[in-house]
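Shown next, in structure tokens, is the structure this report addresses.
Atoms within a ligand are numbered from 1 in the order they appear, just like the ligands themselves. Values below: every heavy atom of this structure, side chains too, minus hydrogens, waters and symmetry copies.
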Amino acid sequence: MGTLNLPRKVSVLGSTGSIGVSTLDLFEQAGVEVEVVGLTAGRNVARLAQQALRWRPRLAVIQDETKLTELRERLKGSGIAAAAGVQAVADVAAADAQWVMSAIVGFAGLAPTLAAAKAGAVVALANKESLVCAGPSLLRTAKLAGGAVIPVDSEHSAIFQVLDPTIAAQVSKLILTSSGGPFRDASREEMAAATPERAIAHPNFSMGAKISVDSATMMNKGLEVIEAAYLFAMPPERIEVLVHPQQIIHSLVEYADGSTLAQLGPPDMRPPIACAFAWPDRLPWPAPKLDLVTAGPLTFQHPDPQKFPALTIAKQALAAGGAAPAAMNAANERAVSAFLDRRIGFLDIPNVVAETLERMDRADDFSTLNDALESARQTDAAARRVADEVVHGLAAA
Ligand code: NAD
Ligand code: MG
């Protein structure tokens, strides 16, 4: 690797998921020499153990404590230490890795991500929910500790690569692209009848179940608008979403002088992971390269707000500010989980989120404590309770 200045000590939080597996695959294919400090998983102990035996981390952590015996059993004789529980995940995130991939899904990723930022690591951020729930505080924490947050979400990675921060004030618009999800061309009737199997069948890639449902409702793009607003300090009215089914242009930055810069690549998460790993260098690896002749034609359309109300809900939560995005995120997590359990229909998901925010507004349930993590936790817990009541009401009807 010669002259590249790459991180050596790394941790991967959520190593058994779609992004975690892609991260380790990239390391493998690029042949980088990394010393793995920690690998963590939620419940998939078999895959975690298999990864640990290959990557020899100092510590393998399973969030689900009931699986610790099995993890120890599987790692017996390997010399790799095993631990379990929510605190153990946050502790390993705070250990001495220089680079931490944050790829846990949902609010559960916030505490470990904050812990890694506080420890001064470069945080490669896939876990967009942590920015949505505590964006300003996460970014401030990283800055104070001398670390950084580098986006892995493909749209934000695109903007990160083409936005010159020294002239951010001269940006007129950020344009986030979206595949449009599996229901881009579906009727409302088809959406109303959608099963979990149909909703998680994303057109271009295989991702975790939660983000797949978010792509189908377009709440994923709503979360990404909030993520972009925080990451790039951009007012909501200067962030636009365009549906681009081919997913070749990952996002664009429009400058005041009428010049628009875009970042392109095949629909694959490994290039944005590679970018976050090597930045400001470029990691050589046998990447699938973009062939513009076979990729085209590239098409664009405006999202349909009638079919995808989640996008509007997210923009309203961003405009409301404070704890509203965290409440929205929690309600969405509960609604997605109720949909995956077949307790509510697909079109109920945005309704649960909107109704939760409305009820919380009336009850003044948003927390505004000074401690960002505690504040986000209280809002998250309150919103989960309200969302569960709304789901219960719908499921009983
Ligand atoms: P996934 O469901 O495939 O993987 C999630 C990982 O987190 C797994 O390792 C799982 O074991 C672990 N996990 C789950 N719940 C946990 C908990 N409570 N505590 C600790 N660990 C837990 O999800 P994914 O598709 O890899 O997505 C991960 C994150 O990256 C999400 O925030 C998602 O929005 C974001 N992201 C994913 C993609 C993608 O292409 N998959 C693209 C952009 C952003
Ligand atoms: Mg994305």
Electrostatic pair [X]-[Y], nearest N-O below 4.0 angstrom:
| X | Y | result |
| --- | --- | --- |
| Arg54 | Glu28 | yes |
| Asp96 | Arg58 | yes |
| Glu237 | Lys173 | no |
| Glu333 | Arg384 | yes |
| Arg184 | Glu190 | no |
| Asp64 | Lys67 | yes |
| Arg359 | Glu355 | yes |

Angle in degrees, rounded to 10°, that OD1 of Asp153 and OE2 of Glu224 form at the Mg ion (ligand 2): 90°
Of all the non-hydrogen atoms in the protein, which one sits nearest to [atom], and at what distance?
| atom | result |
| --- | --- |
| atom 2 (O) of ligand 1 | Gly208 CA, 3.8 Å |
| atom 42 (C) of ligand 1 | Met269 CE, 3.6 Å |
| atom 11 (O) of ligand 1 | Gly42 N, 2.7 Å |
| atom 9 (O) of ligand 1 | Thr16 OG1, 2.7 Å |
| atom 33 (C) of ligand 1 | Ile211 CD1, 3.9 Å |
| atom 38 (C) of ligand 1 | Ile19 CD1, 3.5 Å |
| atom 41 (N) of ligand 1 | Ser18 OG, 3.2 Å |
| atom 34 (O) of ligand 1 | Lys128 CE, 3.2 Å |

Min N/O separation Met207 to ligand 1 under 3.5 Å: no
N/O separation below 3.5 Å, Gly14 to ligand 1: yes
Heavy-atom proximity to atom 32 (O) of ligand 1, best of Glu129, His156, Arg47: Glu129
Option whose closest heavy atom lies nearest to atom 15 (N) of ligand 1, chosen from Leu48, Val105, Leu13: Val105
With a cut-off of 3.5 Å and sequence neighbours excluded, list every side-chain donor-acceptor pair involving residues 134-141.
from: Thr141; atom 1: OG1; to: Ser137; atom 2: O; distance (Å): 2.6

Under-4.0 Å heavy-atom contact with ligand 1, by part of Lys210 that carries it: neither
Ligand 1 versus Ile104: contacting region, heavy-atom distance under 4.0 Å: both
Subset of ligand 1 atoms that lie under 4.0 Å from at least one heavy atom of Ala126: 30 (O), 32 (O), 35 (C), 36 (N), 44 (C)
Those atoms of ligand 1 less than 4.0 Å from some heavy atom in Gln63: 17 (C), 18 (N), 19 (N), 20 (C)
Does even one non-hydrogen atom of [X] get within less than 4.0 Å of ligand 1?
| X | result |
| --- | --- |
| Gly20 | no |
| Asn127 | yes |
| Asn44 | no |

Any donor-acceptor N/O pair, Thr23 side chain to Ile19 backbone, under 3.5 Å: yes
Sequence neighbours excluded, every pair satisfying ring pair (Phe, Tyr, Trp, His ring centres under 6.0 Å) that has a member inside residues 128-180: Phe160-Trp279
Identified side chain to side chain donor-acceptor pair (under 3.5 Å) counterpart of Glu155 within the set His250, Lys221, Lys128: Lys221
Mutual orientation of the aromatic rings belonging to Phe183 and Phe346 [parallel < 30°, tilted 30-60°, perpendicular > 60°]: perpendicular
Atom name of the N, O or S atom in Glu155 that lies nearest to the Mg ion (ligand 2): OE1
Phe277 and Phe27 aromatic centres sub-6.0 Å: yes
